[in-house]
2 protein chains.
Amino acid sequence: MPAKNRRSFCPVSFALDKFGDKWSLLIIRDLMFLGKETYGEFLESSEEIATNILADRLKRLETEGILLKFRDPENGRRVIYRLTEKGLDLAPVLISMIQWSSQYDPDCGAPKQLLQRLQDDPDDFIAEIRSRES
Amino acid sequence: MPAKNRRSFCPVSFALDKFGDKWSLLIIRDLMFLGKETYGEFLESSEEIATNILADRLKRLETEGILLKFRDPENGRRVIYRLTEKGLDLAPVLISMIQWSSQYDPDCGAPKQLLQRLQDDPDDFIAEIRSRES
DNA sequence: CCGGATCCGTTTCGATACTG
DNA sequence: CAGTATCGAAACGGATCCGG
């Protein structure tokens, strides 16, 4: 049976407060699964986020400690965004969303190979995400 | 390395389109973890959703096939909402959000016992959610 | 009463144009 | 390339009303 003290159960709303809008998780997906890391690359995503919204969400996610921002040491004009540990720890959330979507829309674009791997050994996949540099 | 065909990778946005707003996942949480099943019970949640927003989200989630609505056979005036299979299959998403929140805010209200159980044997917990009647 | 629908002031979002 | 500024559109929240 469910918990009695309903008032104090708010882990879901804690998470939604951090990334529960229309765009934040898409940015995190870009970083985690599509290897993107610059403002311009996020803009290229098929969902077509507006520039002001993107800037706002990047700022908020940085404030939340989910991603961090720094200049490319090899190209001072390039700004790079990267997931922090806290952001990388969102991998299971993204993965379960991808699995659910694939179950109910097989044509949603998740590669079969990726799905198989996520099912067989998700921890291995997460480990790879973490180890990825540049 | 990330996939090349970025255009066609949209499982995350598929999911967000279904429940990626401020309220839908909170309703699903109420159904899945707090044993709520009526309009009035959803209104009592600490996030204080407005009546018009609640009605709209319930309708949308029903349209998406995530929950269904029917009259209480034992009380014709009572309307009951319940998760469908498709809705129950969102359990891993909710669970990973709860785990993430608990990791970064231990005071967010997830009972230690629940967390332990989710970590030890999540499938067992999901099975219980599924088997729950009334 | 319960489960909404309607109206309306306010906040937030987002498309576009523009800038350092 | 990486953002701001502006301004109309949409969503939200609160109050109130309505039907069974």
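Protein chains get the first letters and strands the later ones, always in sequence-line order, with residue 1 at the start of each.
- Atom CG of A:L26 and atom C1' of C:dG14 are 15 Å apart (whole Å).
- Nearest-nucleotide assignment on DNA chain C puts the 5′-proximal partner with B:G40, out of B:G40 and A:R57.
- Counting non-hydrogen atoms of neighbouring residues, nucleotides and ligands closer than 6.0 angstrom, the CD atom of A:Q103 exceeds 12 such neighbours.
- Each end of the helix from C:dC1-D:dG20 to C:dG20-D:dC1 gets its own rotation axis from five pairs of C1' atoms, and the angle between them is 30° to the nearest 10 degrees.
- Checking B:I27, B:I129, B:I28 one by one against B:L83, the side chain to side chain contact (heavy atoms under 4.5 Å, CB included) holds for a single residue, B:I28.
- The two residues B:W100 and A:K86 come nearest to each other via the heavy atoms NE1-O, 3.0 Å.
- Using a distance-only test at 3.5 Å, with no hydrogens or angles considered, a donor-acceptor pair links the side chain of A:Y39 to the main chain of A:T51.
- Using a 4.0 Å cutoff on non-hydrogen atoms, no part of residues 65-81 of chain B comes near DNA chain D.
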Can you give me the N/O atom pairs linking the protein to nucleotides 18-20 of chain C at distances under 3.5 Å, or say none if there are none?
none

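- Across the protein-nucleic acid pair, A:L43 atom CG and C:dG14 atom P stand 14 Å apart, rounded to whole Å.
- Contact annotation: B:K22 side-chain N/O to D:dG13 OP1/OP2 distance is under 4.0 Å.
- The residue among B:I53 and A:L58 whose nearest nucleotide of DNA chain D is located toward the 5' end is A:L58.
- Protein atom CD of B:E41 is 15 Å distant from nucleotide atom C1' of C:dC1, rounded to whole Å.
- Residue-level contact check: B:N52 touches the bases, meaning some heavy atom is under 4.0 Å from a base atom.
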Worked check of side chain to side chain contact (heavy atoms under 4.5 Å, CB included) between A:L115 and A:I98: CA-CA 8 Å; A:L115 290 173; A:I98 289 171; 4.1 Å; yes

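- Contact annotation for B:A55: backbone-only contact, meaning every heavy-atom pair under 4.0 Å involves sugar-phosphate atoms and none involves a base.
- With C:dG3, D:dG3, C:dC13 as the candidates, the nucleotide lying closest to the side chain of B:T38 is C:dG3.
- Between the CD1 atom of A:I27 and the P atom of C:dG14 there is a distance of 11 Å, given to the nearest Å.
- Here C:dG3 presents its P atom at 10 Å from CG of B:L54, a figure rounded to the nearest Å.
- Looking only at distances, a side-chain donor or acceptor of B:R71 sits under 3.5 Å from a matching main-chain atom of B:G76.
- The phosphate of C:dT12 (OP1 or OP2) has no side-chain N or O of A:W23 nearer than 4.0 angstrom.
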